[in-house]
Student: 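Dropping a structure here in structure tokens format, bear with me for questions.
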Amino acid sequence: MKHTITAACAALLLGSMTTLANAETQVDDKSLADEKQSENWLGYGRTQSQQRYSPLEQINAGNVAKLGVDWSLELPNDRSLTGTPLIVDGVMYFNGSFNVVRAVDLRTHKVLWEYNPKSVDHAGDRATIMWDWNRGIAFWKGRVYLATVDGRLIAVDAKTGKEVWSVATIDPKNALFISGAPAVFRDKVIIGNGGTEWGPARGYVTAYDTATGKQMWRFYTVPGNPADGFEDETQAMAAKTWTGEWWKHGGGGTSWHGLTYDPEFNRIYIGTGNGSPWNQKMRSTGGGDNLFLCSIVALDANTGKYVWHYQTTPGETWDYNSNMDIVLADLTLAGKPVKALMHAPKNGFFYVIDRATGKLISAEKFAHADWAEKIDMATGRPVERKGARYEDGEELVWPGPFGSHNWPAMSYHPGTGLVYIPVIEMAGMFSDKYTKPKAWQSPSFKFDPGVDFLREDGPADWGTSFLRAWDPVTQKLRWEAPLPGVWNAGTLTTKGNLVIQGRADGVLAAYAADTGKVLWQKPLGLGISAPPVTYTVDGKQYLAQLVGWGGSMTATGGSIAAQHGWAYGAQPRRLVVFALDGQVVLPPLPAPAFAKPLNAPEFTVYPELAERGSHVWSQSCGMCHGPAGTAGGYAPDLRASTVLLDEKALHSVIFDGALRERGMPKFKSINKDDLEAVRHYIRREARKQNLAP
Ligand code: CA
């Protein structure tokens with residue numbers, strides 16, 4: 001009798017499970033706002049709040065020590081893996097190098113389809129400003145949305161991997177690119193772009209119809225030339241905060257990251273970028289706040305019309321963009337419930353804003369920042385330190401251009417009430433000695449932010465980093481864990497009292513969310529730059545991690561990035577999936593590899609040529625191959641390359657595009673004399689290394 005009942009129950013249970021497995025999740029406003037749905041990871045920050053908090057707790061602080069590799073997928077054609085994978089009904093969708101998107105069956109571990117938008121071909125020689133990585137994709141009603149480095153926004157059928165539509169979101173004449181994920185809401189898909197450092201850039205975001213790709217609205221983050229007339233009164237209002245002929249240099253304010261949709265107010269919050277150029281002396285010659293640089297701007301999601309803004313860095317001059325993630329949460333402040341918005345931009349202050357009104361609630365330093373003493377709560381404005389604007393040509397300022405927090409995501413745990421931030425502690429030497437503010441001209445497809453940058457390499461210990469658990473209510477540090485290097489990945493937090501983060505040294509680590517105690521660590525053999533995600537398949541919880549060193553620090557960090565030994569092409573790229581009691585042993589991990597600069601005594605270095613080469617280098621080469629030739633792993637280290645010793649081979653790469661297929665573009669902007677100067681510069685730098693102990 002007992003047996004019969006059990007069998008009947010089992011049959012019933014099995015029936016309902018089958019129904020569940022077959023039910024397709026409609027990815028739309030409802031499911032993307034549902035904090036309780038736990039099996040999937042539907043959006044960039046899991047849900048529209050961008051909290052990156054999972055209600056799953058099968059894997060928890062009590063058993064995480066038993067976490068092991070369940071399966072892995074080799075990704076031999078990838079370099080940088082920085083994206084957040086999405087999980088919809090047992091299928092993972094993720095993007096890798098050059099915007100290739102894959103769908104992987106999480107039961108069979110097989111790649112269902114791969115969509116290659118051929119970004120290298122499309123970018124062509126514009127790839128001189130190209131970045132290999134992208135931070136993610138979006139999913140909406142059966143389609144995957146991706147944005148390419150050359151500026152296309154593309155809809156792909158999630159079942160077949162076939163392209164549905166593709167639109168150009170940038171004018172190819174402009175030195176802009178896309179490295180970010182689109183955001184989706186109310187049958188619209190929105191995307192911005194980056195590129196303030198390569199030419200005159202006027203930032204904007206554009207919303208398109210998810211069904212057809214038709215443009216719905218566009219919002220410019222900085223005003224254009226007054227002679228052309230302003231688009232609306234918001235632009236006229238913003239123009240009052242600019243001086244000089246700012247439009248000649250574009251102004252900047254690009255929205256390359258930080259798009260958060262707020263279903264409760266039907267608004268989209270956009271984080272805006274730094275000035276174009278960084279140096280305000282050149283950009284807005286008589287000063288001014290320069291709206292909407294370095295701001296959070298709230299827009300009506302239907303129309304794209306301005307609602308409110310809060311500017312974190314008025315009159316910015318340090319690359320302190322506000323593109324970092326914007327996280328929504330219900331907080332209780334002074335006994336009252338507040339619909340809050342949390343933001344930890346580059347400038348080192350943690351902001352809590354009432355998102356109904358845009359009013360600043362509190363702002364405190366979460367890292368060492370000396371450009372400003374504090375935020376004056378009466379005005380909401382920073383109280384700047386004298387000298388921080390490098391008025392006399394050179395100044396050491398905390399933080400530097402990498403910021404106290406970059407795009408690696410913070411997460412928020414509604415149970416502990418804490419925000420888990422990957423924090424960078426690193427100063428920058430700001431100097432316009434060489435850029436000559438009065439004579440400066442906007443570059444064209446060359447890196448030139450109006451500040452001396454990328455010519456010199458710093459020491460490997462120039463910066464430090466921490467995982468900080470920050471209380472947004474009290475604006476105080478609750479706990480911190482030291483991290484290796486400076487470039488650590490975004491965080492995930494779960495109901496199982498866990499914070500999980502990949503590190504620059506290739507270790508994936510789990511901490512107790514309430515205390516910061518290290519509970520589990522797994523070396524994965526390569527620097528981790530993507531945030532982990534968690535999901536269930538057939539009721540069992542998994543943790544997934546893309547392993548592939550990427551992001552601006554891996555390109556421009558020099559010795560800071562190179563210290564880990566993640567040399568270009570030396571270590572395998574992978575997707576690694578973990579489960580409790582996972583028993584899989586990963587293939588052996590290659591040892592860290594370090595560049596050995598060639599001395600080449602037969603090469604005579606002419607000091608004047610080397611000096612000239614340093615400027616060519618910072619404008620055209622350093623953005624991928626690193627400051628002073630010290631590559632951080634994103635691209636080959638040219639101090640160790642024999643190609644630079646072979647004039648003919650070098651010419652075929654630079655002028656004929658011999659390595660174009662691999663993403664190394666032709667450089668029309670470099671002439672033979674420039675190239676010769678670069679050879680002298682790199683030999684000079686290579687020999688410095690040889691002389692070092
Ligand atoms: Ca920037």
Student: What class does the angle between the rings of Phe430 and Tyr320 fall in, given that below 30° is parallel, 30 to 60° is tilted and above 60° is perpendicular?
Tutor: perpendicular
Student: Closest heavy-atom contact between Met342 and Met410?
Tutor: O-CE, 3.6 Å
Student: Using only atom types and a distance under 3.5 Å, with no angle test, would you say the side chain of Glu425 pairs donor to acceptor with the backbone of His368?
Tutor: yes
Student: Does Asp150 come within less than 4.0 Å of Arg126, counting only side-chain N to carboxylate O?
Tutor: no
Student: Ignoring hydrogens and geometry, is there a side-chain-to-backbone donor-acceptor pair from Ser529 to Thr82 under 3.5 Å?
Tutor: no
Student: Is the NZ or CZ atom of Arg684 positioned over Tyr681's six-membered ring, under 6.0 angstrom from the centre and within 45° of the axis?
Tutor: no
Student: Between Gly428 and Pro401, what is the shortest heavy-atom contact and its length?
Tutor: CA-CD, 4.2 Å
Student: Report the C-alpha separation of Lys596 and Asp637 in whole Å, then their side-chain angles, then the decisive distance to 0.1 Å, and conclude whether the salt bridge (charged side-chain N to carboxylate O under 4.0 Å, His left out) test is met.
Tutor: CA-CA 9 Å; Lys596 292 182 185 67; Asp637 192 301; over 6 Å; no
Student: Would you mind checking if Arg679 and Glu685 are paired as a salt bridge, meaning a charged N to carboxylate O distance below 4.0 Å?
Tutor: no
Student: Any donor and acceptor pair, going by atom type alone, linking the side chain of Asn323 with main-chain N or O of Trp407 inside 3.5 Å?
Tutor: no
Student: Classify the ring geometry between Trp470 and Phe350 as parallel (under 30°), tilted (30 to 60°) or perpendicular (over 60°).
Tutor: tilted
Student: Apply side-chain hydrogen bond (donor to acceptor under 3.5 Å, both in side chains) to the pair Ser276 and His249, showing each step before the final yes or no.
Tutor: CA-CA 6 Å; Ser276 173; His249 304 313; over 6 Å; no
Student: Atom CZ of Phe466 and atom CD1 of Ile421: how far apart are they, to the nearest 0.5 Å?
Tutor: 13.0 Å
Student: Would you tabulate the side-chain donor-acceptor contacts of residues 645-659 under 3.5 Å, counting partners in other chains and residues two or more places apart, or write 'none'?
Tutor:
from   : atom 1 : to     : atom 2 : distance (Å)
Asp646 : OD1    : Lys648 : N      : 3.1
Asp646 : OD1    : Ala649 : N      : 3.2
Ser652 : OG     : Ala649 : O      : 2.9

Student: Does Asp392 CG have over 12 foreign heavy atoms under 6.0 Å away?
Tutor: no
Student: With side chains defined as the heavy atoms from C-beta onward, is the minimum distance between Asp432 and Val451 less than 4.5 Å?
Tutor: no
Student: Can you tell me if CZ on Phe594 sees more than 12 non-hydrogen neighbours from other groups inside 6.0 Å?
Tutor: yes
Student: With sequence neighbours left out, write down each residue that passes ring-ring contact (aromatic ring centres under 6.0 Å, His included) with Tyr220, or none if nothing qualifies.
Tutor: Tyr204
Student: Is Glu373 salt-bridged to Lys365, going by a charged N under 4.0 Å from an acidic O?
Tutor: no
Student: Is a donor from one side chain sitting under 3.5 angstrom from an acceptor on the other, for His343 and Ser322?
Tutor: yes
Student: Under 6.0 Å between ring centres, would you say that holds for Trp487 and His564?
Tutor: no
Student: Do Thr234 and Phe292 pass the side-chain contact (heavy atoms from CB on, under 4.5 Å) test, and can you show the C-alpha distance, the side-chain angles, and the key distance before you say yes or no?
Tutor: CA-CA 10 Å; Thr234 301; Phe292 300 98; 3.7 Å; yes
Student: Has Ser295 got a side-chain atom pairing as donor or acceptor with Val297's backbone, closer than 3.5 angstrom?
Tutor: no
Student: For the aromatic rings, using the six-membered ring if either is Trp, is the centroid distance between Phe447 and Trp198 under 6.0 Å?
Tutor: yes
Student: Give a yes or no on whether the backbone of Met429 and the side-chain of Glu394 come within a donor-acceptor separation of less than 3.5 Å.
Tutor: no
Student: Could you pull out the closest heavy-atom pair between Asp370 and Leu396, with the gap in Å?
Tutor: OD2-O, 4.3 Å
Student: For Phe603 and Arg687, run side-chain contact (heavy atoms from CB on, under 4.5 Å): C-alpha distance rounded to whole Å, both residues' side-chain angles, the deciding distance at 0.1 Å, then the answer.
Tutor: CA-CA 11 Å; Phe603 191 106; Arg687 282 177 199 166; 3.7 Å; yes
Student: First locate atom OG1 of Thr317, then atom CD of Glu384, and finally report the distance between them rounded to the nearest 0.5 Å.
Tutor: 9.0 Å
Student: Measuring centre to centre across the rings, with the benzene-like ring taken for any Trp, is Trp133 within less than 6.0 Å of Tyr634?
Tutor: yes
Student: Once you round to the nearest 0.5 Å, how far does OG1 of Thr221 lie from CG of Leu291?
Tutor: 10.5 Å
Student: Output the distance between atom CD1 (Ile560) and atom CG (Asp457), rounded to the nearest 0.5 Å.
Tutor: 7.5 Å
Student: So which atom in Arg135 and which in Ala181 form the shortest heavy-atom distance, rounded to 0.1 Å?
Tutor: C-CB, 4.5 Å
Student: Using side-chain contact (heavy atoms from CB on, under 4.5 Å), reason through Ile375 and Tyr351 one step at a time and then give a plain yes or no.
Tutor: CA-CA 10 Å; Ile375 307 301; Tyr351 296 87; 3.8 Å; yes
Student: Does a salt bridge link Asp125 with Lys668, judged by any charged N lying under 4.0 Å from a carboxylate O?
Tutor: yes
Student: Let's go through Met426 and Thr464 carefully: what are the C-alpha distance in whole Å and the side-chain angles of both, what is the deciding distance for side-chain contact (heavy atoms from CB on, under 4.5 Å) to 0.1 Å, and is it a yes or a no?
Tutor: CA-CA 7 Å; Met426 190 169 154; Thr464 57; over 6 Å; no
Student: Within a radius of less than 6.0 Å around CZ of Arg662, do more than 12 heavy atoms belonging to other residues, nucleotides or ligands occur?
Tutor: no
Student: Check whether the side chains of Asn290 and Thr241 place a donor and an acceptor atom closer than 3.5 Å, and report yes or no.
Tutor: no
Student: Taking the side chain from Ser641 and the backbone from Arg639, do they hold a donor-acceptor pair closer than 3.5 Å?
Tutor: no
Student: Taking only Lys NZ, Arg NE, NH1 and NH2, and the carboxylate oxygens of Asp or Glu, determine whether Arg283 and Glu245 approach each other closer than 4.0 Å.
Tutor: no
Student: Taking the six-membered ring of Trp371 as reference, does the cationic atom of Arg385 (NZ for Lys, CZ for Arg) lie under 6.0 Å from its centre and within 45° of its axis?
Tutor: no
Student: Sub-3.5 Å donor-acceptor pair from the side chain of Asn225 to the main-chain atoms of Lys248, do we have one?
Tutor: no
Student: Short question: side chain of Asn406, backbone of Pro408 - any donor-acceptor pair under 3.5 Å?
Tutor: no
Student: Taking Lys446 first and then Asp448, would you say they form a salt bridge - that is, a charged N and a carboxylate O separated by under 4.0 Å?
Tutor: no
Student: What do you reckon, are the aromatic ring centroids of Trp318 and Trp278 less than 6.0 Å apart?
Tutor: no
Student: Taking Glu611 first and then Arg455, would you say they form a salt bridge - that is, a charged N and a carboxylate O separated by under 4.0 Å?
Tutor: yes
Student: List the atom of Ala175, the atom of Gly199, and the distance in Å for their closest heavy-atom pair.
Tutor: CB-N, 4.3 Å
Student: Are the side chain of Ser97 and the backbone of Arg79 linked by a donor-acceptor contact shorter than 3.5 Å?
Tutor: yes
Student: Taking atom CG of Asn347 and atom OG1 of Thr312, what is their separation to the nearest 0.5 Å?
Tutor: 5.0 Å
Student: Please determine, by modelled atom types, if Thr254 and Asn193 share a side-chain donor-acceptor pair under 3.5 angstrom.
Tutor: no
Student: Any side-chain donor paired with an acceptor under 3.5 Å for Thr243 and Ser284?
Tutor: yes
Student: Working to the nearest 0.5 angstrom, can you tell me the gap between Tyr390 OH and Gln280 CD?
Tutor: 9.0 Å
Student: Salt bridge or not for Asp674 and Arg612, using N-O below 4.0 Å?
Tutor: yes
Student: Any donor-acceptor pair under 3.5 Å linking the side chain of Thr196 with the backbone of Asn274?
Tutor: no
Student: Might you point out which heavy atoms bring Ala635 and Cys624 nearest each other, and give the distance in Å?
Tutor: CB-O, 3.4 Å
Student: What I want to check is whether the side chains of Ser465 and Asn488 have a donor and an acceptor closer together than 3.5 Å.
Tutor: yes
Student: Going by atom types alone, do Asn134 and Ser179 pair a side-chain donor with an acceptor below 3.5 Å?
Tutor: no
